[in-house]
Amino acid sequence: MKPVIALCDANAFYCSCEQVFDPSLLNRPLGVLSNNDGCIISRTRELKALGVAMGTPAFKVRHLLERGEIALRSSNYPLYGDMSSRFMSVLEQFTPDLEVYSIDEAFLDLSGFPDEQLGSIGREMKERVYLWTGLPIGVGISTTRTLAKLANYAAKKYSATEGVVDLTSPVRQRRLMEITPVGEVWGVGRRIGKRLEAAGIHTAAQLVDCQRKWIRREFSVVLERTVCELQGERCIAADDQGSDNKHQIMCSRSFGKRIKTIEELHSALACYISRACEKLREQKQLAREAILFIRTDPFRQSTWPMGGSIRLALPEPSADTRPWLYLLRPALEKLFHEGCEYKKGGFVLLDLSHSQSFQGDLLAIPPHPEAPGKESVMTVLDAINHRFGRNMLRPASVGFEKQDWHMNQQLLSRCYTTRWPDILRINT
DNA sequence: TCTGGGGTCCTAGGACCC
DNA sequence: TCTGGGGTCCTAGGACCC
């Protein structure tokens with residue numbers, strides 16, 4: 001049976017979510033900002049048309065905002081996360097074999113459907129998602145993930161496709177590759193793109209014609225796999241079922257203002273440690289090592305960028321927040337330099353293992369409190385926070401809610417779907 | 001004044017072992 | 001005095017993705 005894969009993704013996902021609940025934003029140049037209202041990470045077609053690039057710092061478009069020519073929103077992840085799960089549950093009606101690849105896209109296995117139906121299935125997906133969630137999406141269908149990505153690119157780029165492209169036919173694949181710049185291929189980033197251009201490879205068609213051995217020698221096995229995929233051979237497999245556990249868990253943020261004291265740093269990083277460990281427990285994993293880092297503002301010319309990281313380790317794997325908090329203060333005392341203004345910090349958990357395969361210290365007396373079968377303080381803390389809201393209960397070192405190292409979010413929309421007071425009222 | 005956050009995979013090179 | 005080949009594990013750094 002010929003394998004068939006569809007890639008469905010939402011157009012300008014964060015912007016579309018904002019537009020669903022605020023129709024005054026429809027057909028307008030709209031951008032959604034990164035954390036801390038730093039730069040633009042999602043743009044509507046109208047904003048792109050004004051020449052505003054992805055990643056443009058917010059201050060560079062402030063004049064357009066003030067003149068009312070564009071609209072901006074802070075990123076509202078509770079809203080986007082909820083809209084994402086609605087989107088995915090509509091897609092699940094078409095096949096149970098669905099891999100959520102990111103917040104706004106999913107790969108679907110459509111193997112077994114007759115070729116002539118693929119286009120109409122794609123159109124039905126698009127219509128149903130729009131009808132049920134209000135999100136506009138694009139659908140690309142082909143035989144490998146890289147080709148499905150390419151089909152999806154065409155669905156977005158060429159309006160005549162009406163957002164759905166069936167790229168299972170080799171003839172159509174070839175025609176599209178001939179007019180697609182090599183940098184648009186999934187897996188070819190900026191660096192590799194430049195090197196390919198320098199070697200005279202400008203289109204996807206020229207890339208697919210390359211000798212695999214040559215690609216491997218001159219570039220890497222990673223790019224070789226991309227070429228195989230373009231040639232119709234599946235090399236990038238679906239993630240194994242149940243192995244969606246991460247290999248590292250990170251929590252890092254830019255601070256709302258520059259931090260000069262070790263006390264403020266301590267409070268901010270305690271918050272990140274707390275969040276990272278929560279994520280760890282959600283995944284039912286344990287960690288034995290971690291990295292803590294702080295950094296000054298790399299964009300300030302007047303001071304040399306400063307910072308540092310330190311590796312921390314526990315005697316045995318744990319999902320408890322507290323041991324890391326004990327290590328925080330001494331670690332910060334090593335990293336912190338008086339007189340530096342810190343702009344960002346973070347905490348990364350490494351060396352993760354599954355909590356079911358926990359191996360305690362044979363000689364430890366008494367037994368480890370996190371050993372299987374023990375109800376820990378952390379379980380209770382998570383349960384209370386789950387019921388009453390994040391950070392309702394938190395380590396004292398995190399401090400109180402309103403501290404000015406927290407993110408700037410001046411243009412935040414409401415949590416229309418996840419907070420009772422924010423739900424829209426319709427007056428008739 | 002103002003420039004995101006969270007991941008993955010691969011490779012090269014060093015240390016060490018037999 | 002001369003000197004090999006094969007392997008593992010770890011880490012840092014580079015590249016990519018959304």
Side-chain angles (χ1 to χ4, degrees), chain A residues 7 9-14 31-42 52-63 65-66 72 74-77 80-81 84 99-107 145-146 149 152-153 183-196 216-226 229 235-237 239-240 243-258 272 275-276 279-280 283 289 291 293 295-302 305 309 311 313 341 343-352 404 407-411:
Chain A
L7 173 67
D9 79 337
N11 306 341
F13 179 60
Y14 297 168
V32 170
L33 300 170
S34 60
N35 273 336
N36 236 354
D37 290 349
C39 56
I40 294 175
I41 53 169
S42 177
V52 177
M54 195 74 164
T56 303
F59 71 88
K60 287 193 177 168
V61 293
R62 188 121 298 160
H63 60 288
L65 181 69
E66 280 160 6
L72 294 176
S74 301
S75 37
N76 184 344
Y77 288 103
Y80 310 150
S84 173
E99 187 197 335
V100 177
Y101 182 74
S102 74
I103 193 166
D104 74 331
E105 64 188 302
F107 287 105
R145 292 180 168 229
T146 307
K149 272 274 184 186
N152 185 278
Y153 159 80
E184 298 293 343
V185 173
W186 190 45
V188 177
R190 237 185 33 246
R191 296 291 180 93
I192 302 289
K194 267 191 189 155
R195 283 174 56 199
L196 285 169
R216 184 178 197 141
R217 200 175 61 236
E218 296 296 317
F219 295 88
S220 66
V221 289
V222 183
L223 191 65
E224 187 192 12
R225 281 205 279 261
T226 297
E229 285 251 322
C235 294
I236 303 172
D239 283 346
D240 295 336
S243 74
D244 55 348
N245 280 339
K246 297 176 174 46
H247 302 147
Q248 61 177 54
I249 290 175
M250 163 152 43
C251 182
S252 81
R253 298 269 184 288
S254 295
F255 308 129
K257 63 151 204 173
R258 296 196 186 85
Y272 304 161
R275 181 69 196 121
K279 291 190 206 171
L280 185 71
Q283 300 218 17
E289 284 195 51
I291 290 175
F293 68 88
R295 205 171 290 158
T296 59
D297 190 345
F299 293 100
R300 281 192 81 180
Q301 306 291 319
S302 53
S309 66
R311 220 179 167 99
E341 299 186 350
K343 184 63 182 147
K344 184 174 181 175
F347 182 72
V348 191
L349 289 166
L350 305 164
D351 194 7
L352 308 186
D404 43 14
M407 286 189 291
N408 295 319
Q409 287 186 305
Q410 294 184 356
L411 303 163

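- Which of dT11(C), dC18(C), dT3(B) sits closest to the side chain of E105(A) comes down to dC18(C).
- The side-chain hydrogen bond (donor to acceptor under 3.5 Å, both in side chains) check on R195(A) picks up nothing, with sequence neighbours excluded.
- A stem is defined here as three or more consecutive Watson-Crick or G-U pairs, each with both distances under 3.5 Å; for DNA chain C these stems are B:5-18 with C:5-18.
- Between K149(A) and dC17(C), a side-chain N or O to OP1/OP2 separation shorter than 4.0 Å is absent.
- Annotation: side-chain hydrogen bond (donor to acceptor under 3.5 Å, both in side chains) contacts of S309(A) (sequence neighbours excluded): none.
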Close N/O contacts between protein and nucleotides 6-8 of chain B (under 3.5 Å):
residue : atom : partner : partner atom : Å
dG6(B)  : OP1  : R253(A) : NH1          : 2.8
dG6(B)  : OP2  : S252(A) : N            : 2.5
dG6(B)  : OP2  : S252(A) : O            : 2.8
dG6(B)  : OP2  : S252(A) : OG           : 3.0
dG7(B)  : OP2  : M250(A) : N            : 2.7
dT8(B)  : OP1  : H247(A) : N            : 2.9

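- Note: OH (Y77(A)) to P (dC18(C)) measures 15 Å, nearest angstrom.
- Considering only residues two or more places apart in sequence or on other chains, Y101(A) meets the ring pair (Phe, Tyr, Trp, His ring centres under 6.0 Å) condition with F107(A), W186(A).
- Proximity of K344(A) to the phosphate of dG5(B): a side-chain N or O atom is located under 4.0 Å from OP1 or OP2.
- Under the rule for a salt bridge (Lys or Arg N to Asp or Glu O under 4.0 Å), R62(A) has no partner lying at least two apart in sequence or in another chain.
- Applying the salt bridge (Lys or Arg N to Asp or Glu O under 4.0 Å) rule to K279(A) yields no partners; only residues at least two apart in sequence or on another chain are considered.
- Not counting sequence neighbours, the partners of Y77(A) by the ring pair (Phe, Tyr, Trp, His ring centres under 6.0 Å) test are Y14(A), Y80(A).
- Residue contacts for K257(A): at a heavy-atom cut-off of 4.0 Å it reaches no nucleic acid atom on any strand shown.
- Counting any heavy atom pair closer than 4.0 Å across all strands shown, V221(A) reaches sugar-phosphate atoms only and no base atom.
- Taking R216(A) as the reference, E224(A) meet the side-chain hydrogen bond (donor to acceptor under 3.5 Å, both in side chains) condition, with sequence neighbours excluded.
- With sequence neighbours excluded, the residues that form a salt bridge (Lys or Arg N to Asp or Glu O under 4.0 Å) with D9(A) are K156(A).
- Contacts between residues 188-195 of chain A and DNA chain B, defined by a heavy-atom separation under 4.0 Å, are absent.
- An OP1 or OP2 oxygen of dC9(B) is reached within less than 4.0 angstrom by no side-chain nitrogen or oxygen of R225(A).
- Residues passing the side-chain hydrogen bond (donor to acceptor under 3.5 Å, both in side chains) test with Q409(A), sequence neighbours excluded: none.
- Within the nucleic acid shown, D104(A) comes within 4.0 Å of sugar-phosphate atoms alone, with no base atom in reach, counting heavy atoms only.
- Salt bridge status for R311(A) with E289(A): present, with a side-chain N to carboxylate O gap under 4.0 Å.
- Using a 4.0 Å heavy-atom criterion, one finds that N36(A) contacts no nucleic acid atom at all.
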